Amino acid sequence: MTFSTKVYRKLLQVPKGKVTTYGELAKAVGSKNGQRAIGMIMKKNPFPVIVPCHRVVKSDGKIGGYAYGEKIKSRMLANEGIKIKDGKIIDFDKERFYF
DNA sequence: GTAAGGGCAATTA
DNA sequence: TTAATTGCCCTTA
């Protein structure tokens, strides 16, 4: 069980239409300061299909980056019912998922 | 085994 | 309030 594996499992707990942040995710797996590591894990994401890495955003509600393009990310989020405006989530506090 | 970087966060000015 | 700097953890080279 590696760190990345935990991150993936946690991320899979995020329901459709909800999002989480790198910080929350890091804290959820035991590394409250491991947000950067998570970002890297997402980038090297070995399971891009089963891991909804597009549901992970920055703590301030912005989409942040995305290995396959931010526009794709925001589009997928919008497809799940999350409103995106100018690169950031409008109802971030509501759509946000707490582990 | 060492070094650098990454889809950030929290702090400070 | 926005911008810049520092720090943290993990993976990859």
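These numbers come from a predicted model, not from an experiment.
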**Asked** Does dC8(C) pair with anything, Watson-Crick or G-U wobble, both distances under 3.5 Å, and if so, with which nucleotide?
**Response** none

**Request:** Take the protein atom CD1 of Ile89(A) and the nucleotide atom C1' of dG7(B), then report the distance between them rounded to whole Å.
**Result:** 13 Å

**Prompt:** Which part of the nucleic acid, if any, lies within reach of Lys73(A) when heavy atoms closer than 4.0 Å are counted: base, sugar-phosphate only, or nothing?
**Reply:** base

**Fill in**
Comparing nearest nucleotides in DNA chain B, the 5'-proximal residue of the pair Ser59(A), Ile38(A) is Ile38(A)

**Whole angstrom value for the distance that separates C1' of dT12(C) from CG of Asn45(A)** = 15 Å

**Fill in**
One should read off an interatomic distance between Ile38(A) CD1 and Cys53(A) SG, to the nearest 0.5 angstrom, of 12.5 Å

**Item:** Contact check, side chains of Lys58(A) and Lys88(A), non-hydrogen atoms, under 4.5 Å
**Value:** no

**Prompt:** Which nucleotide in the list dC9(C), dG7(B), dA9(B) gets nearest to the side chain of Cys53(A)?
**Reply:** dG7(B)

**Prompt:** Do other residues, nucleotides or ligands put more than 12 heavy atoms under 6.0 Å from the CZ atom of Phe99(A)?
**Reply:** yes

**Message:** Without decimals, in angstroms, what is the distance between Glu24(A) CD and dC8(C) P?
**Reply:** 20 Å

**Prompt:** Atom NZ of Lys58(A) to atom P of dA3(C): distance rounded to whole Å?
**Reply:** 12 Å

**Message:** Students often get this wrong, so: under 4.0 angstrom with heavy atoms, is Gly65(A) touching a base, only sugar-phosphate, or nothing?
**Reply:** base

**Asked** Among the nucleotides dG6(B), dA9(B), dT11(C), which one has an atom lying closest to any side-chain atom of Thr21(A)?
**Response** dA9(B)

**Prompt:** Could you give the CE-to-C1' distance, from Met42(A) to dG5(B), as a whole number of Å?
**Reply:** 17 Å

**Prompt:** Taking atom CE of Met40(A) and atom OH of Tyr22(A), what is their separation to the nearest 0.5 Å?
**Reply:** 13.0 Å

**Prompt:** Does the dC9(C) base have a donor-acceptor partner in the side chain of Arg36(A) within less than 3.5 Å?
**Reply:** no

**Prompt:** What is the distance, rounded to the nearest whole Å, between atom CE of Met76(A) and atom P of dG7(B)?
**Reply:** 15 Å

**Request:** Return the value, rounded to whole Å, for the distance between atom NZ of Lys27(A) and atom P of dC10(C).
**Result:** 16 Å

**Message:** So if I take every side-chain heavy atom of Lys43(A) and compare against dA9(B), dG7(C), dG7(B), which nucleotide ends up nearest?
**Reply:** dG7(B)

**Message:** What is the distance, to the nearest angstrom, from the OH atom on Tyr8(A) to the P atom on dC10(C)?
**Reply:** 14 Å

**Prompt:** Does Thr2(A) make a side-chain N or O approach to OP1 or OP2 of dC10(C) shorter than 4.0 Å?
**Reply:** no

**Complete:** Taking dG6(B), dT11(C), dG7(B) as options, the one with an atom nearest any side-chain atom of Ile41(A) is dT11(C)

**Prompt:** More than 12 foreign heavy atoms under 6.0 Å from NZ of Lys27(A): is that the case here?
**Reply:** no

**Complete:** Result for 5'-nearest mapping on DNA chain C, choosing between Thr5(A) and Gln35(A), is Gln35(A)

**Prompt:** Just checking Phe3(A): base, sugar-phosphate only, or nothing, at a heavy-atom cut-off of under 4.0 Å?
**Reply:** sugar-phosphate

**Request:** Could you tell me whether the side chain of Ile82(A) reaches within less than 4.5 Å of the side chain of Asp91(A), counting heavy atoms only?
**Result:** no

**Request:** With the side chain of Tyr66(A) defined as its heavy atoms from C-beta on, choose the nearest nucleotide among dC8(B), dG7(B), dT12(C).
**Result:** dG7(B)

